[in-house]
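These notes are about the structure you will find just below.
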Amino acid sequence: MASWYWTGLASSCLLLAGCSAHAGLASYGVVPDFTLTDQTGAPFVSATALRGQVWVADFIFTNCPGPCPRMSSQMHQVQSAGLDGVKLVSFTVDPARDTPEVLAAYASHFQAQLGVWSFLTGPQDTLQHLSRDAFMLGNVDASLEHSTRFVLVDRASRIRGFYLTSEEDAIPRLISDAKRLLRERS
């Protein structure tokens with residue numbers, strides 16, 4: 001065979017190897033820009049607060065008798081993992097009760113660092129759209145049933161991983177994958 005064939009084949013293999021190394025995590029869709037209210041009562045505009053950031057999202061409510069306290073403890077573990085540049089965002093599924101003041105008390109209980117971990121509330125239809133359509137985690141409705149998954153989002157607002165918080169290795173995998181995304185260029 002001609003040497004140009006082998007040179008081309010070798011170049012193609014190297015190019016594909018580079019792409020697959022960059023694409024070590026799948027992409028599941030893009031989170032649209034949104035505006036909600038954070039635990040301080042200030043507007044939280046994702047286009048300015050999260051653009052260019054790696055971030056982790058979950059859906060909780062503050063008077064949850066079930067998995068939410070465990071999930072928030074796990075989110076605190078992520079906050080404490082030394083992931084400089086990773087933001088954490090907890091969305092309420094109970095906007096009628098989870099006012100900014102209630103979210104602030106909850107954030108304080110879990111030692112959330114202001115500017116790193118935001119707790120968000122807002123219109124039910126916005127939260128519903130984000131949970132169901134953007135994050136693919138189900139409905140935000142009066143049932144207060146919600147997913148117990150964490151979602152990892154990259155600098156381009158692409159969803160790059162889902163982590164079922166009841167799985168023993170979920171948080172170590174999430175931290176490892178977040179570190180990988182921090183090393184990615186885009």
Side-chain angles (χ1 to χ4, degrees), residues 29-155 157 159 161-166 170-171 174-175 178:
V30 175
V31 179
D33 289 342
F34 58 88
T35 300
L36 291 167
T37 303
D38 73 13
Q39 71 266 33
T40 70
F44 184 95
V45 181
S46 68
T48 55
L50 299 173
R51 179 133 319 130
Q53 302 290 323
V54 173
W55 53 289
V56 179
D58 71 346
F59 285 78
I60 54 97
F61 61 106
T62 60
N63 65 339
C64 174
C68 299
R70 173 183 45 82
M71 292 171 64
S72 296
S73 292
Q74 290 170 312
M75 193 70 95
H76 183 264
Q77 290 175 7
V78 175
Q79 176 185 263
S80 301
L83 298 171
D84 288 339
V86 173
K87 302 290 185 183
L88 309 176
V89 182
S90 292
F91 298 87
T92 184
V93 298
D94 190 9
R97 282 185 264 192
D98 287 343
T99 63
E101 297 79 18
V102 170
L103 290 172
Y106 189 82
S108 177
H109 176 76
F110 287 98
Q111 301 171 356
Q113 293 176 5
L114 196 58
V116 174
W117 188 359
S118 299
F119 290 79
L120 305 182
T121 190
Q124 177 126 3
D125 60 338
T126 302
L127 293 163
Q128 166 75 358
H129 169 66
L130 288 168
S131 180
R132 185 189 63 217
D133 303 327
F135 291 106
M136 301 168 280
L137 295 178
N139 292 321
V140 172
D141 56 26
S143 73
L144 299 181
E145 291 185 22
H146 61 91
S147 174
T148 59
R149 292 180 187 267
F150 284 178
V151 182
L152 180 61
V153 182
D154 71 12
R155 297 177 202 274
S157 298
I159 295 172
F162 293 94
Y163 306 83
L164 186 57
T165 59
S166 60
I171 302 310
L174 170 62
I175 291 168

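FYI, side chains are in, hydrogens and waters are out, and symmetry mates aren't considered; it's all heavy atoms of this structure. In this text, all values refer to a predicted model and were calculated from it rather than measured experimentally. Just so you know, residue 1 is the first one in the sequence shown, and it goes up from there.
One finds the OG atom of Ser72 at 12.5 Å from the CD atom of Gln111 (value rounded to the nearest 0.5 Å). Atoms CD1 and CG, from Ile159 and Leu137 in turn, are 7.5 Å apart once rounded to the nearest 0.5 Å. Rounded to the nearest 0.5 Å, atoms CZ (Phe135) and CZ (Phe91) are 4.0 Å apart.
With a 4.5 Å cut-off on side-chain heavy atoms, Lys87 and Val153 do not count as touching. A heavy-atom distance below 4.5 Å is not found between the side chains of Thr92 and Phe119. Two residues are said to be in side-chain contact when any heavy atoms from C-beta on lie closer than 4.5 Å; Val78 and Ile171 meet this criterion. Using a 4.5 Å heavy-atom threshold, the side chains of Cys68 and His146 count as touching. Between Met71 and Phe150, the closest side-chain pair of non-hydrogen atoms falls below 4.5 Å. With a 4.5 Å cut-off on side-chain heavy atoms, Leu164 and Thr148 count as touching. Two residues are said to be in side-chain contact when any heavy atoms from C-beta on lie closer than 4.5 Å; Leu152 and Val54 meet this criterion. Contact annotation: the side chain of Val140 never approaches that of Arg132 to less than 4.5 Å [non-hydrogen atoms, C-beta and beyond].
Looking only at distances, no side-chain donor or acceptor of Ser108 sits under 3.5 Å from a matching main-chain atom of Ala104. Side chain of Asp94 to backbone of Asp98: no donor-acceptor contact under 3.5 angstrom is found. Judged by distance alone, the side chain of Ser131 and the main-chain N or O of Gly138 form a donor-acceptor pair under 3.5 Å. The closest donor-acceptor contact from the side chain of Gln39 to the backbone of Tyr106 lies at 3.5 Å or more, if one exists at all.
A pairwise comparison of heavy atoms in Leu88 and Gln79 identifies CD1-CB, 3.5 Å as the closest pair. For the pair Leu103 and Thr121, the tightest heavy-atom approach, listed with the atom from each and the gap, is CD1-CB, 3.8 Å. Across every non-hydrogen atom of Pro32 and Ala134, the tightest pair is CD-CB, 3.5 Å. In plain terms, the two heavy atoms of Pro95 and Gly122 that are nearest each other are CB-O, 3.2 Å.
Proximity of the aromatic rings of His129 and Phe34 is defined here by a centroid distance below 6.0 angstrom, and this criterion is not met.
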Can you check side-chain hydrogen bond (donor to acceptor under 3.5 Å, both in side chains) on Thr62 and Arg97, steps first, answer last? CA-CA 8 Å; Thr62 60; Arg97 282 185 264 192; over 6 Å; no

